[in-house]
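Below you'll find the structure, written out as structure tokens, and then a few comments.
Every chain is numbered from 1, with letters handed out A, B, ... down the list of sequences. Heavy atoms only: backbone and side chains are in, while hydrogens, waters and symmetry mates are out.
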2 protein chains.
Amino acid sequence: MSQPTMEDVARLAGVSRALVSLVMRDSPKVSNHSRTAVLDAADQLGYRPNLAARILASRKTSTIGLVLDDLHNPFFPDIADGVNEAAEQSDYRLLMNSAFLTPASEQRAVETFLEFRTDGVIIVGSRLAAGAIETAAESVPIVVVGRPLRSDRVDSVNNNETRGARLVVDHLVELGHGRIAHIDGGRGAGAAQRRAGFVAAMKRHGLRPDVVSGDFTEAGGVAAMRELLARRRRPTAVFAANDLTAVGALGCTEDAGLSVPDDISLVGYDNVALAATHHISMTTVDQPRNEMGRLAVATLLERLEGSRSSVARHVLAPSLRIRSTTAPPGPAARRKRAGTRNNPGR
Amino acid sequence: MSQPTMEDVARLAGVSRALVSLVMRDSPKVSNHSRTAVLDAADQLGYRPNLAARILASRKTSTIGLVLDDLHNPFFPDIADGVNEAAEQSDYRLLMNSAFLTPASEQRAVETFLEFRTDGVIIVGSRLAAGAIETAAESVPIVVVGRPLRSDRVDSVNNNETRGARLVVDHLVELGHGRIAHIDGGRGAGAAQRRAGFVAAMKRHGLRPDVVSGDFTEAGGVAAMRELLARRRRPTAVFAANDLTAVGALGCTEDAGLSVPDDISLVGYDNVALAATHHISMTTVDQPRNEMGRLAVATLLERLEGSRSSVARHVLAPSLRIRSTTAPPGPAARRKRAGTRNNPGR
DNA sequence: CGCCGGGATTAGAGCGCTCCAATTATCGAA
DNA sequence: TTCGATAATTGGAGCGCTCTAATCCCGGCG
């Protein structure tokens, strides 16, 4: 299990260690003859460069670290896809870590990357205190995705949360809803902005904003919905902070023998693939996740290549996707729509 | 951005580099006095040990690498949770990578860990050729999860695929189904065994096994189901290779105006959280994913601590979860059940 | 009062690689 | 044939840490 080193390869190939190093890095200034000799020897020994040594000597890792808040939320893998695609086209290798929904885990993940001295770090859906991110950014360029952040040192990529929330409220109000509740994302990234956007939009319409707390998970959606349904006066529409929460709320509502959207309209956020399936067909707000991932990498590379030193704050436009979980409220509306909606039958 | 080194800390604290090293590793043989001095100095400088240097000098990374085939399939995050929990209780740090469903990406991910010299690697749902895994295992202990493998050097953790498939077929046959199709997982991990299990079980019942190809993705499920529905004689039941595929098939079936389970019964595999939601309520085969993740770590640690040198092949028992997507076939059965099934209404 | 033992500390030799300056080989031109 | 230039190769000095062996320090003991 003890691995061969460059020294071993050099000896076998009958050249110097430095030459082997050049070959391993595809330097053009190596004769074909010695190149093949080295490559053969390396192959024969099963040689593989030692990353740690390489990093130590070269003082760069050619690696970017990606921290995802929650792998169970499809939003994150979607971003990861974008990040991966962009990273593949660069010379950087990707290393990931999950925050498993807790700040402590996230901190640990980031810390690992800092110790590793990755060239850059992308944090998606950070739950860290702004100060902690700021501090980390002192030692490595960081791009935060999906977490609005006003910092003049940390780059960020977001969608316009306020606007997204407004799109939802406007849509529901237009349908005739007045009692609209919001299941928020608690301390999750972007939750505060979505909540604020909801409150502002409601007030704009002269409506009373009603917020119950959630946590961006499906279970959280179930719990919050249960609470809402238990009320004397139920809301006629519910805006969940993300699709995962909305799916939980959907299941809970049906469990209670109510129908969506006949009894209650439901809106999510993110436009995760699941929401788009015929079976769920959730009205939601789309965030261009793949693009956000790619943009995060591009933003990071600008820093790494030194082509930008000022802070970058990208804010992409969200868009409403109207599907089958929203409809006008009340029995009248329900009757009016009878027979016109597709009904999966399950 | 240039980081302080141990040397800097030592100088500031007025001690030697070696002492700082001891403090950083919580050695007990350091006086309280110098410990605080060092810690203060480190803090003041914002010192963070350099992982690369540390690894190089100590010849161990205290890191285990985790490679997941597809983040979009909740099966993998579930396993990751188990792995994380177990890793947290050990002294090993976790580093992840996604294979993004392609062998090439997976190979790259594994390669990164090999160069990094992680102490061990856990590959979940590997698509690599057995030979490639075997080769990699020459330089680092590897545990493969969710991919049956006969190797006398690579440890593995699996559920009994054959048995899982049999549970499904038996259940469907018991309900009265005869025309049962299987949407397989193509080249995905474990797909071959599930397929074989399906074929064997069908034959045992004297039925003709009908297999169409899928790829463990939702899109694959949609495509395969479309093909099945287009047939002159549709199957009365479909066994999808995993839940993701089943969800795709479900949506597709409903799109076609058919009802599950009235027109077609549907079974998945994995028992992913999504399948358990009231809204989907999918009959499926449960794999103890969290436990599998933990077991993978335990298995790896045994190797690392040298308490086992023989190969370990854990095979856990799958179990059937009967929910609302399976029912007896045919119009008669349908009539019989009229009004008895819960109907979400959407 | 010198010596001993053990805890605390330190010097120094690497770990496997990159990078730079320096050396050697190669080759055409004068 | 010689020289300069260019190409190819090499030695050696680190990169920032760990680890072993050696040293230091100090109180207690004979």
Is the backbone N or O of [Y] less than 3.5 Å from a side-chain atom of [X], with the two atoms forming a donor-acceptor pair by type?
{"X": "B/Arg93", "Y": "B/Asp91", "result": "no"}
{"X": "B/Arg147", "Y": "B/Ser126", "result": "yes"}
{"X": "B/Asp8", "Y": "B/Thr5", "result": "yes"}

Which heavy atom of [X] sits nearest to which heavy atom of [Y], and what is that distance?
{"X": "A/Ser309", "Y": "A/Arg303", "result": "O-NH1, 2.8 Å"}
{"X": "A/Ala13", "Y": "A/Ala41", "result": "CB-CB, 3.8 Å"}
{"X": "B/Phe76", "Y": "B/Asp69", "result": "CZ-CB, 3.5 Å"}

Which residues within residues 10-21 of chain A lie with some heavy atom under 4.0 Å of an atom in DNA chain D?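 The stretch gives A/Val15, A/Ser16, A/Arg17, A/Ala18, A/Leu19 as the residues lying under 4.0 Å from the strand, ordered by number.
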
Residues of residues 35-49 of chain B with any non-hydrogen atom less than 4.0 angstrom from an atom of DNA chain D: list those, numerically ordered, please.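 Going residue by residue through residues 35-49 of chain B, the ones with a heavy atom under 4.0 Å of DNA chain D turn out to be B/Tyr47, B/Pro49.
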
Using a distance-only test with no angle check, is there a side-chain donor-acceptor pair under 3.5 angstrom linking B/Arg294 and B/Asn290?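 Yes, because at least one side-chain N or O of B/Arg294 sits under 3.5 Å from a partner of the opposite role on B/Asn290.
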
With the side chain counted from C-beta on, respond yes when A/Asp155 and A/Arg308 share a heavy-atom pair under 4.5 Å apart, and no when they do not.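 Sidechains of A/Arg308 and A/Asp155: in contact.
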
Student check: side-chain heavy atoms of B/Glu134 and B/Val154 closer than 4.5 Å: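 Side chain of B/Glu134 against side chain of B/Val154, heavy atoms only: contact under 4.5 Å found.
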
Looking at B/Glu7 and B/Arg17, is there a salt bridge between them, counting it only when a charged N and a carboxylate O are closer than 4.0 Å?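 Yes, this pair counts.
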
So, taking the atom named CD1 in B/Ile79 and the one named CD1 in B/Ile122, what distance separates them when rounded to the nearest 0.5 Å?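 Reported value, rounded in 0.5 Å steps: 9.5 Å.
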
Return the value, rounded to whole Å, for the distance between atom [atom1] of [X] and atom [atom2] of [N].
{"X": "B/Leu56", "N": "C/dG14", "atom1": "CG", "atom2": "P", "answer": "14 Å"}
{"X": "A/Asp26", "N": "C/dT18", "atom1": "CG", "atom2": "P", "answer": "11 Å"}
{"X": "B/Asn32", "N": "C/dA8", "atom1": "CG", "atom2": "P", "answer": "9 Å"}
{"X": "A/Ile55", "N": "C/dC19", "atom1": "CD1", "atom2": "C1'", "answer": "17 Å"}

A/His33 or B/Met6: which one's nearest nucleotide on DNA chain D is closer to the 5' end?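 Checking each residue's closest nucleotide, the 5'-ward one belongs to A/His33.
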
Can you name the atoms? Protein N/O to nucleotides 24-27 of chain C N/O, anything below 3.5 Å, with the distance.
none

Which residue lies more 5' along DNA chain C, comparing A/Leu22 with B/Pro28 via nearest heavy atoms: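 The residue whose closest nucleotide sits nearer the 5' end is B/Pro28.
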
With sequence neighbours excluded, tell me which residues meet side chain to side chain contact (heavy atoms under 4.5 Å, CB included) with A/Ser156.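 For A/Ser156 the side chain to side chain contact (heavy atoms under 4.5 Å, CB included) partners, ignoring immediate neighbours, are A/Asn158, A/Arg313.
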
Can you list the residues that meet the side chain to side chain contact (heavy atoms under 4.5 Å, CB included) rule with B/Ala136, with sequence neighbours excluded?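 Residues passing side chain to side chain contact (heavy atoms under 4.5 Å, CB included) with B/Ala136: B/Val110, B/Leu114, B/Ile142.
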
5' to 3' contact window, DNA chain D with chain A (heavy-atom distance under 4.0 Å):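 For DNA chain D, the relevant span reads D/dA8 to D/dG16.
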
